[in-house]
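Could you have a look at this structure, given as structure tokens, before my questions?
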Amino acid sequence: MSKKYITTAIDYPNAAPHMGHVLEKVLADVCARWFRLSGHDTRFQIGTDEHGVKNQRTAAKEGISPKELVDRNVPLFKDLYDKLNISYDYFVRTTDQDVHFPTVIELWKKLKDSGMLEKRNYTALYCSGCERFMTNKDLVDGKCPDHQKAPEEVTEENWFFLLSKDSKWLKKLLTDKNGYTIVPKFRQQETLSLIEQGLEDISFSRPKSSLDWGVPVPDDDNQTMYVWCDALTNYISPLGYLTDKEDKTYWDDAEVTHVIGKDIARFHALYWPSMLKNAGVKTPDKLLVHGFLTSEGQKMSKSLGNVVVPSEVIDKYGIDPLRFYLSHEVPVGRDGDFSWDRMQKMYDSKLRNDIGNLLNRVLVLVGKDGGKINVPEETEIIGDTWKKYAEKMNSFELSEALQIVCSLVSDCNAYIDKKKPWGLEIEDREKVLGVLSECLRHIGLMLLPFVPDTAEIISIQLGVSYADKLQNKGFSLEGINLWGSDKSWCAAGKPEILFEDLEK
RNA sequence: CGCGGGGUGGAGCAGUCCGGUAGCUCGCCAGGCUCAUAACCUGGAGGUCACAGGUUCAAAUCCUGUCCCCGCAACCA
């Protein structure tokens with residue numbers, strides 16, 4: 001049994017979570033659940049990135065302290081993910097001074113000892129109206145578009161991380177077979193082209209006067225760590241890295257996968273491994289980069305007013321239909337779209353008419369004969385489907401994997417029509433229904449990573465022996481995903497509607 | 001010449017790496033079935049795969065060029 005460690009990006013809690021946050025968590029959760037089902041000892045971590053000027057400013061605007069702001073907002077994220085059945089093992093908060101800070105501070109010291117940190121003057125354009133640094137791109141005719149005045153040149157001292165020194169090493173890491181694999185592949189090429197263009201050193205700290213809400217730089221009272229050293233380190237701080245609590249189980253001994261959005265790909269692909277290497281820590285193995293969600297075909301933005309709030313979708317359709325939508329309609333790595341119309345169509349056709357109806361028609365027929373289940377052994381038809389499904393799951397092609405399950409459902413529906421069990425003699429009918437019930441048992445297992453509650457309900461209605469253990473973290477496919485492998489299964493449960501008609 | 005993604009039947013997408021009868025979902029049309037949540041099944045119409053050249057026995061797929069859309073470019077999932 002090999003070990004896996006999977007993480008998501010930590011969310012910035014200065015506003016309520018939206019669909020984009022949910023997409024990432026669902027994606028990572030499907031992977032984590034698949035890892036566990038495949039028998040891997042898995043750790044799954046999510047969390048929040050709570051420092052930074054933006055929170056400092058949002059808090060000031062509301063007249064509360066940054067700590068009060070994050071303490072108020074973090075539960076919005078945590079509660080949502082609990083509701084969504086995200087099976088994380090640990091929720092890290094970067095403001096946790098016991099769990100997070102020690103590793104961050106030690107990592108900084110290691111980087112400094114390695115000669116990768118250097119104090120420099122940093123000059124940039126600063127708009128006092130916006131209270132932030134501007135880039136040339138932000139300016140219109142050399143002026144801040146919001147305040148109609150030219151920003152002033154401000155120089156401040158920053159610690160810099162000498163990333164450029166690692167260009168060669170990074171290129172090797174990203175191209176080595178056993179290095180750091182980026183999925184999808186075009187993101188790897190993009191990253192390599194970034195290296196080709198020349199990497200710049202990165203500002204790793206800010207003077208306390210401009211950023212106070214963060215981890216203090218060790219041995220430099222006037223500086224606060226900027227986001228990178230603080231936030232990225234969340235992946236190893238709860239493991240006690242670089243402290244006396246260090247536990248290597250889920251890092252050195254595990255395959256590490258980071259699930260993140262395309263906006264922060266470069267930080268995870270370049271900064272993070274370089275930081276780890278220079279601190280003498282193992283680098284991660286896989287970087288799974290997802291795209292962004294549009295809303296009704298347009299970029300989601302507050303000004304357009306088309307931001308989709310997860311709770312609205314959950315209230316109307318429920319948890320699993322949302323998880324199903326994000327897994328089925330958004331190919332991993334690419335941008336996707338959320339549309340209410342597509343949500344409704346998917347709910348009706350896939351969940352209600354195909355899966356729900358199939359379960360119902362089979363169970364009603366079984367019930368009419370007394371509810372006995374008898375799986376004919378000679379009909380092995382599931383092995384090939386499992387093989388294809390597992391291949392897709394293992395290569396993170398999740399929507400394709402789900403489509404394989406949907407095809408199996410379609411095949412079952414076609415099979416009923418072809419065999420017409422209702423017109424057969426009892427013995428033949430039992431055989432046909434045995435095949436269908438067994439297929440449904442496997443469909444339940446294959447759906448488990450995507451829609452865990454639905455998978456459990458299907459299994460309960462079918463009456464399989466392990467139905468109540470399905471969502472336990474130690475539950476694995478071992479010994480139950482072969483044809484007829486649930487030997488003690490002999491009776492079906494009661495059929496109930498899986499997905500209601502919402503129009504009624 | 002900043003970087004990247006995309007342009008495939010009415011809609012949304014897969015296929016492009018490793019050329020070989022253009023596939024899926026939804027919608028539409030016609031049949032079938034009646035176990036089931038008026039659900040399910042079968043068949044059909046509809047595409048010169050953005051455009052122009054080139055390579056090849058053969059190109060959506062490789063090469064060259066052009067046009068259009070969309071992201072990103074130090075803290076925005």
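Residue numbers start from 1 in every chain, and the chains themselves are labelled A, B, ... in the order their sequence lines are given, proteins ahead of strands. Fair warning: this is a prediction, and the values are worked out from it, not measured in the lab.
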Atom pairs under 3.5 Å: protein N/O with N/O of nucleotides 2-5 of chain B:
from	atom 1	to	atom 2	distance (Å)
B/G4	O2'	A/Glu190	OE1	3.1
B/G5	O3'	A/Arg334	NH1	3.3

Sugar-phosphate only, base, or nothing, as touched by A/Leu359 at under 4.0 Å among non-hydrogen atoms: nothing
Nucleotide nearest A/Ile264 when distance is taken to its side chain, options B/U37, B/A14, B/A77: B/A77
Check: A/Asp11 side chain, B/A77 base, donor-acceptor under 3.5 Å: no
P spacing across the pair B/G9 / B/C1, given as an integer number of angstrom: 36 Å
Sugar-phosphate, base or nothing in reach of A/Gly52, heavy atoms under 4.0 Å: nothing
Touch class at under 4.0 angstrom, heavy-atom based, for A/Lys418 against every strand present: nothing
Same-atom distance (C1') from B/G15 to B/C3, integer angstrom: 26 Å
Proximity to the side chain of A/Ile497 - top-ranked nucleotide from B/A39, B/U37, B/A77: B/U37
Sugar-phosphate, base or nothing in reach of A/Ala9, heavy atoms under 4.0 Å: nothing
Non-neighbouring partners of A/Val289 that pass side-chain contact (heavy atoms from CB on, under 4.5 Å), sequence neighbours left out: A/Ile182, A/Pro184, A/Arg187, A/Ile260, A/Lys262, A/Ala265, A/Leu287
B/U48 versus B/C69 - spacing of their P atoms, nearest Å: 23 Å
Touch class at under 4.0 angstrom, heavy-atom based, for A/Leu293 against every strand present: base
Residue A/Asp354, side-chain heavy atoms: nucleotide from B/G71, B/C40, B/A74 that is nearest: B/C40
Donor-acceptor under 3.5 Å (A/Asp29 side chain, A/Ser87 main chain): yes
Least distance between heavy atoms, A/Pro66 atom then A/Gln56 atom: CG-CA, 4.3 Å
Atom pairs, N/O to N/O, protein against nucleotides 30-35 of chain B, distance under 3.5 Å?
from	atom 1	to	atom 2	distance (Å)
B/G32	N2	A/Asp417	OD2	3.2
B/C35	O3'	A/Lys368	NZ	3.2
B/C35	O2	A/Arg361	NE	3.2
B/C35	N3	A/Arg361	NE	3.4
B/C35	N3	A/Arg361	NH2	2.5
B/C35	N4	A/Arg361	NH2	2.9

Near-ring test A/Tyr88/A/Phe44, centroid separation under 6.0 angstrom: no
Ring centres under 6.0 angstrom apart (A/His21, A/Tyr12): no
Touch class at under 4.0 angstrom, heavy-atom based, for A/Ser349 against every strand present: sugar-phosphate
Sugar-phosphate only, base, or nothing, as touched by A/Asn353 at under 4.0 Å among non-hydrogen atoms: sugar-phosphate
Sugar-phosphate, base or nothing in reach of A/Lys54, heavy atoms under 4.0 Å: sugar-phosphate
Between B/A52 and B/G12 - P atom distance, rounded Å: 23 Å
Rounded P spacing from B/A45 to B/C29 in Å: 16 Å
Centroid separation A/Phe204 to A/Trp159 less than 6.0 Å: no
Phosphate OP1/OP2 of B/U25: any A/His328 side-chain N/O under 4.0 Å: no
Interatomic distance, A/Tyr325 OH vs B/C26 C1' [rounded to whole Å]: 12 Å
Nucleotide B/A14, atom P - distance to CG of A/Leu402 in whole Å: 16 Å
Ring centers of A/Phe267, A/Trp228 separated by less than 6.0 Å: yes
